[in-house]
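Below you'll find the structure, written out as structure tokens, and then a few comments.
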Protein chains: 2
Amino acid sequence: MTVTEVPPEGLTISAAAQMSGLSVDTLRYYEKEGLTLHRPGRSSSGQRRYTEQNVKWLGTLVMLRRTGMPIRDIKKFVELYRRDGTEADRLAILEAHRVHVLEQLDEVQTHLTAINRKIDYYKTAVMDGK
Amino acid sequence: MTVTEVPPEGLTISAAAQMSGLSVDTLRYYEKEGLTLHRPGRSSSGQRRYTEQNVKWLGTLVMLRRTGMPIRDIKKFVELYRRDGTEADRLAILEAHRVHVLEQLDEVQTHLTAINRKIDYYKTAVMDGK
DNA sequence: ATGAACCTTGGAGTGCGCTCCAGCACAAGT
DNA sequence: ACTTGTGCTGGAGCGCACTCCAAGGTTCAT
């Protein structure tokens with residue numbers, strides 16, 4: 001039940017980049033920073049091969065990054081993730097992050113209504129000929 | 001009907017910083033970058049004095065920044081703002097920005113539901129004793 | 001009148017998150 | 001066989017938005 005087929009021999013880095021919405025450079029950078037849950041395997045000639053599991057984790061990284069979690073915090077999360085019995089800690093991090101995201105959203109929404117007010121003001125001003 | 005009194009001689013930079021939620025350094029940086037609508041006046045000894053108008057504009061800058069508008073785009077907006085008859089252009093910029101903010105919000109909200117799902121998963125996992 | 005607390009400037013430095021590059025190896029299509 | 005494309009590494013470079021610093025001036029309370 002995969003959205004897009006991942007062949008058993010794995011995806012090339014460019015394919016994984018396309019699927020995750022990240023750039024090839026970013027993928028290598030994340031790996032260098034230790035953000036991958038498992039490093040992707042290598043072909044006989046040393047090229048990365050991404051499994052479906054690898055790609056799924058990239059999705060998690062995107063989720064965390066695009067909600068504003070800094071690289072170094074993600075790193076801590078991943079390190080936890082790699083050890084068993086850390087479920088409670090992972091939960092704590094996610095819940096703290098959730099609160100953080102909600103605060104962000106709230107602030108942006110407040111500013112958004114101010115933007116809307118300004119837009120309404122200009123719409124009237126422009127309509128009234130300059 | 002001002003929220004906090006602004007004396008006629010104006011506020012010091014640190015007072016303006018406190019009111020706007022920006023740092024003193026950021027205030028000077030924004031001014032250097034040409035983000036102020038009007039540069040604040042100076043005391044006899046050359047210290048900045050912020051009027052209520054100045055402080056209000058800082059609020060606008062905060063609104064644009066915290067919704068993700070880059071400094072260089074704000075700069076263009078301010079330059080427009082300083083010229084008369086640019087109301088339609090200002091409106092266009094604000095509307096484009098509004099769309100951008102809505103897109104951002106939407107993406108973050110999507111990721112948020114994914115975070116919530118993960119949290120629910122861990123809540124169950126943790127409850128079931130590790 | 002001495003010291004702390006504030007302000008000024010120009011410019012250097014920082015942290016973040018990529019992004020790009022050189023120089024090389026391998027892969028795939030024709 | 002050849003050419004084009006893709007991949008590898010280590011490391012340099014970049015854009016952004018501040019943030020800090022040195023060196024000095026002013027203000028004010030004790």
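Naming convention: chains lettered A, B, ... in sequence-line order (proteins, then strands); numbering from 1 in each chain. In what follows, every heavy atom counts, from backbone to side chain, and hydrogens, waters and symmetry copies are set aside.
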I'd like to know whether A/R72 forms a salt bridge (charged side-chain N to carboxylate O under 4.0 Å, His left out) with A/E33, so could you lay out the CA-CA distance, the side-chain angles of the two residues, the decisive distance to 0.1 Å, and finally the verdict.
CA-CA 9 Å; A/R72 80 174 108 45; A/E33 291 296 311; over 6 Å; no
For nucleotides 4-10 of chain D, give me one character per nucleotide, 5' to 3': B if any protein heavy atom sits under 4.0 Å from the base, S if the only such contacts are to the sugar-phosphate, - if neither.
--SSSB-
Parallel, tilted or perpendicular: which describes the rings of B/H97 and B/H100, with under 30° parallel and over 60° perpendicular?
parallel
OH on A/Y122 to CD on B/E87, rounded to 0.5 Å:
6.5 Å
Calculate the interatomic distance between B/R66 atom CZ and D/dC18 atom P; express it in whole Å.
9 Å
For atom OH of B/Y29 and atom P of C/dG10, their distance in whole Å:
16 Å
Is there a salt bridge (charged side-chain N to carboxylate O under 4.0 Å, His left out) between A/E9 and A/R49 once you walk through the steps?
CA-CA 7 Å; A/E9 69 274 16; A/R49 291 293 180 252; over 6 Å; no
Give the rounded distance in Å between these two atoms: CG of B/L35 and P of D/dA17.
10 Å
Separation of D/dC18 atom C1' from B/R65 atom CZ, nearest Å, is 9 Å
Send over the distance from A/Y30 OH to C/dG17 C1', rounded to a whole Å.
8 Å
Does the plane of the ring in A/Y81 sit parallel, tilted or perpendicular to the ring in A/W57? Use 30° and 60° as the thresholds.
perpendicular
Rounded to the nearest angstrom, tell me the gap between atom CE in A/M69 and atom P in C/dC16.
15 Å
Return the value, rounded to whole Å, for the distance between atom CG of A/L22 and atom P of C/dC20.
15 Å
Does the pair A/N54 and A/T51 meet the rule for a side chain to side chain donor-acceptor pair (under 3.5 Å), with working shown?
CA-CA 5 Å; A/N54 293 148; A/T51 64; 3.1 Å; yes
Contacts of B/P70 and B/S43 projected onto DNA chain D by closest heavy atom; the upstream (5') one is B/P70
How many whole angstroms separate atom CD1 of B/I71 from atom C1' of D/dC18?
9 Å
